[in-house]
Asks: 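I'd like to ask you about the structure that follows.
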Amino acid sequence: MAEKKFVFETAMKRLEEIVKTLEQGDAPLDKSLALFEEGTELIRKCGQTLDTAEQKLRLLVQTPDGPQAAPFDGEEPQA
C-alpha cells in the first residue's frame, strides 16, 4: 500500500487537533499515548519540511534578471 503524500498544512491542522484533545485531558491513557506518538512524528516531519524550505531559500542568489533559485540537491536552476 502506497504511503500518503505528506502535506505540511494538513499535518499542522492534525497537530492542532491532537493538542486540543490532549489538553482536554479526558482521553484514556492508551489513546493519549497514541496521540502523543502521532504528534511527535508529525512534528518531526514538519521540522524536516521547514528545514528543507529554509535551505532552498538560503540558496537564492541575485542575478541580473533578479532573484533566482540556485541548484539544490541535484535540482536544475529555475529559469
Side-chain angles (χ1 to χ4, degrees):
M1 187 170 182
E3 188 174 326
K4 291 173 83 175
K5 181 179 176 188
F6 180 78
V7 178
F8 181 84
E9 292 78 10
T10 303
M12 291 299 296
K13 184 176 278 191
R14 178 62 183 144
L15 273 170
E16 290 175 10
E17 293 169 358
I18 290 170
V19 168
K20 184 176 181 179
T21 300
L22 290 174
E23 284 180 338
Q24 289 174 350
D26 56 359
L29 180 59
D30 58 338
K31 181 176 180 180
S32 294
L33 287 172
L35 288 170
F36 182 80
E37 289 175 6
E38 180 185 356
T40 300
E41 181 64 18
L42 288 171
I43 289 168
R44 185 187 64 76
K45 288 181 178 181
C46 286
Q48 288 175 339
T49 300
L50 289 173
D51 288 345
T52 299
E54 181 180 9
Q55 289 173 358
K56 287 182 179 184
L57 288 172
R58 288 176 187 250
L59 290 175
L60 286 175
V61 293
Q62 187 65 33
T63 68
D65 298 326
Q68 181 177 348
F72 176 76
D73 242 3
E75 295 178 4
E76 293 296 320
Q78 299 183 353

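On a predicted model such as this, the values are computed, not experimentally measured, just so you know. Atom set for the values below is all heavy atoms of this structure, side chains included, hydrogens, waters and symmetry mates excluded. Residue numbers run from 1 in the order of the sequence given.
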Asks: Enumerate donor-acceptor pairs with a distance under 3.5 Å from any side-chain N or O in residues 20-27 to protein atoms, sequence neighbours excluded.
Replies:
from  : atom 1 : to    : atom 2 : distance (Å)
Thr21 : OG1    : Glu17 : O      : 3.0

Asks: To the nearest 0.5 Å, tell me how far Ile43 CD1 sits from Glu38 CD.
Replies: 11.0 Å

Asks: By salt bridge (Lys or Arg N to Asp or Glu O under 4.0 Å), which residues pair with Glu41, not counting sequence neighbours?
Replies: Arg44

Asks: Taking side chain to side chain contact (heavy atoms under 4.5 Å, CB included) as the test, write out the residues that go with Thr10, two or more places apart.
Replies: Val7

Asks: For Glu54, what residues pass the side-chain hydrogen bond (donor to acceptor under 3.5 Å, both in side chains) criterion, not counting sequence neighbours?
Replies: Arg58

Asks: Using a 4.5 Å cut-off between side-chain heavy atoms of Ile, Leu, Val, Met, Phe, Trp and Tyr, which other residues end up in the same hydrophobic cluster as Leu33?
Replies: Leu29

Asks: Taking all non-hydrogen atoms of both residues, which atom of Gly39 and which atom of Leu15 are closest, and how far apart?
Replies: O-CD2, 3.5 Å

Asks: Could you see if Ile18 belongs to whatever hydrophobic cluster contains Phe36? Use Ile, Leu, Val, Met, Phe, Trp, Tyr and a side-chain cutoff under 4.5 Å.
Replies: no

Asks: Report yes or no: do Leu35 and Val19 belong to one cluster of Ile/Leu/Val/Met/Phe/Trp/Tyr joined by side chain heavy-atom distances under 4.5 Å?
Replies: no

